[in-house]
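Structure first, commentary second.
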Amino acid sequence: MNTRNALRLLSTCFVVLFYQPVDASELPGSIEVFTDSFHPVQSDADATSVYVIDRIDRLQQELSNGLPADPDTAKQVALRHLQRVDARLSGELETAATGLVKAMQYGLDGHPAIVFDGKFVVYGMTDLVAATELYREWRAGVRRP
């Protein structure tokens, strides 16, 4: 047996020993939803991370709404508003910032988008049941990514 045949046999054995079939019914390890306040998530699941990425912009709009024309007075009013930011709102802003960073890391082109296992993206949907079905079809080889 020559070296080429020996390597071919060894690689075939390796593939057979370590092959694990893909179970298309298996749920993804992680689901991340990138959306905005105009597209709420439907059928939320416990293992899902939801990022409302326009929350920062909307807070800026809320804080600037009704500010006086005088810059110094407007600054004081805005500072008072920011001091009243509670833990819930602070958490929302932190989640939105995290979502923006992750969306850039994934190279997402738009939102809403649902990312499965950091690899498969479904755009234009917030229905987790329907998006998960597309994911399963992709895993089973029925759909192209």
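Note that the structure is a prediction, hence the values are computed from the model and not measured.
By the criterion of side-chain heavy atoms lying less than 4.5 angstrom apart, applied directly or through intervening Ile, Leu, Val, Met, Phe, Trp or Tyr residues, Y123 is grouped together with Y106 in one hydrophobic cluster.
Looking only at side-chain heavy atoms (C-beta outward), L128 and I114 come within less than 4.5 Å of each other. Taking 4.5 Å as the limit, some side-chain heavy atom of V121 sits within range of a side-chain heavy atom of L108. For the pair L100/I56, a side-chain contact is recorded, criterion being any heavy-atom separation below 4.5 Å from C-beta on. Counting heavy atoms from C-beta outward, E92 and T95 have side chains that stay 4.5 Å or more apart. Counting heavy atoms from C-beta outward, F116 and W138 have side chains that stay 4.5 Å or more apart.
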### Message
Apply side-chain contact (heavy atoms from CB on, under 4.5 Å) to residues T48 and V33 and explain how you reach the verdict.
### Response
CA-CA 7 Å; T48 305; V33 181; 3.6 Å; yes
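With hydrogens and angles ignored, the 3.5 Å screen pairs no side-chain donor or acceptor of D127 with any backbone N or O of Q42.
Between the side chains of S37 and R55, not a single donor N or O lies within less than 3.5 Å of an accepting N or O.
Of the inter-residue distances, the one linking K102 atom NZ with Y51 atom OH reads 4.0 Å to the nearest 0.5 angstrom. Distance check, rounded to the nearest 0.5 Å: OG1 of T132 to CD of E137 gives 11.0 Å.
For the pair A96 and I53, the tightest heavy-atom approach, listed with the atom from each and the gap, is O-CG2, 4.3 Å. Closest approach of M125 and A131 over heavy atoms only: CE-N, 3.8 Å.
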